[in-house]
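Heads up, the thing below is written out as structure tokens.
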Amino acid sequence: MVLLVAAGMLVQGGKQRAHALEEGGVFLSSAALSQGEVGLVRVRADGRKAPSVVWLEKEIPLSPNAQKTRWVGFLGVDLREKPGIRKILVRRSRDGPQRELAIRIVPKDYGVRRLTLPKAMVDLDAKTLERVRSESKIVNRLWGEPPLPPSWDGAFIMPLEGEVVGPFGRRSIINEQPRSPHSGVDLRARKGTPVRAINRGRVELTADHFFSGLSVVINHGGGVQSMYFHLEKIAVEEGDLVEKGQVIGYVGSTGRATGPHLHFGVRVNGSRVDPLGLISMSQAILE
Ligand SMILES: [Zn+2]
């Protein structure tokens with residue numbers, strides 16, 4: 001076993017444990033984040049002016065407490081982000097001095113999953129390929145939009161209770177061919193199980209796509225977007241404002257799915273992150 005001691009990292013019993021960092025009114029949940037991980041930043045402010053945070057060249061919209069003295073935001077690290085040291089730029093007030101903190105992005109191997117699917121679902125004909133490309137353009141456009149102010153109602157919740165049968169991040173080998181990594185988690189659930197919005201937000205996409213089937217994407221503001229795929233039925237419309245826990249659809253197996261389950265994905269600042277990581281990190285919103 002190789003023991004590694006890097007900045008902001010503690011090695012205990014061979015287990016790497018990243019630890020939090022607090023400096024000049026800025027709190028980071030960790031000074032080291034893995035590919036696909038979600039971090040949290042909390043900034044103390046004087047209550048008059050909003051602080052600003054820039055992470056990976058993106059402004060991170062922050063959510064204040066009632067007194068506007070503590071602001072929190074999420075830092076997303078994409079599944080395929082280049083490892084290395086990155087800076088997070090923080091101003092405790094918009095016209096105040098800028099503070100730079102370093103975060104180490106650590107590579108993570110989530111393993112491999114092998115799937116065998118019907119040939120027609122993998123080797124696509126020209127017409128289907130064209131459909132897939134135009135659908136991915138529609139979806140990818142959503143990740144590039146400027147973030148909205150956070151509309152969270154406390155911590156994020158799971159969309160349903162169900163065992164994780166397909167973990168996040170696994171590299172996929174489908175019919176012996178390498179494909180894109182799994183960008184969400186697959187949750188076991190019976191067909192027709194209600195799927196709930198993981199927090200308050202606005203429905204920004206309802207669609208029926210080749211791969212993801214009946215799909216819903218919700219924008220929660222603060223750079224957080226959630227997606228729910230392979231639904232049997234959609235219960236909301238584009239533009240709807242949904243509350244945390246509201247039923248937005250029902251589990252199915254539409255699109256490219258081997259059976260009924262919910263594919264649940266999350267983007268933070270446009271980055272593909274482990275949705276379970278967002279949910280556990282969001283408990284700190286309440287602190
Ligand atoms: Zn999936």
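These numbers come from a predicted model, not from an experiment. In listed order, ligands and their atoms are each counted from 1.
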Say whether Asp186 and His263, considering side chains only, have a donor N or O and an acceptor N or O under 3.5 Å apart. yes
Every N, O or S from the protein that is nearer than 2.8 Å to the Zn ion (ligand 1): His182 NE2, Asp186 OD1, His263 ND1
Transitive ILVMFWY cluster of Leu89, excluding itself - 4.5 Å side-chain cut-off: Val54
Who pairs with Arg113 by side chain to side chain donor-acceptor pair (under 3.5 Å), at least two apart in sequence or on another chain? Ser172
Assess, by modelled atom type and distance only, whether the side chains of Gln67 and Asn65 contain a donor and an acceptor separated by less than 3.5 Å. yes
Qualifying residues under side chain to side chain contact (heavy atoms under 4.5 Å, CB included), relative to Arg99, sequence neighbours excluded: Glu23, Val26, Leu101
Side-chain donor-acceptor pair present, His261, Ser253, cut-off under 3.5 Å: no
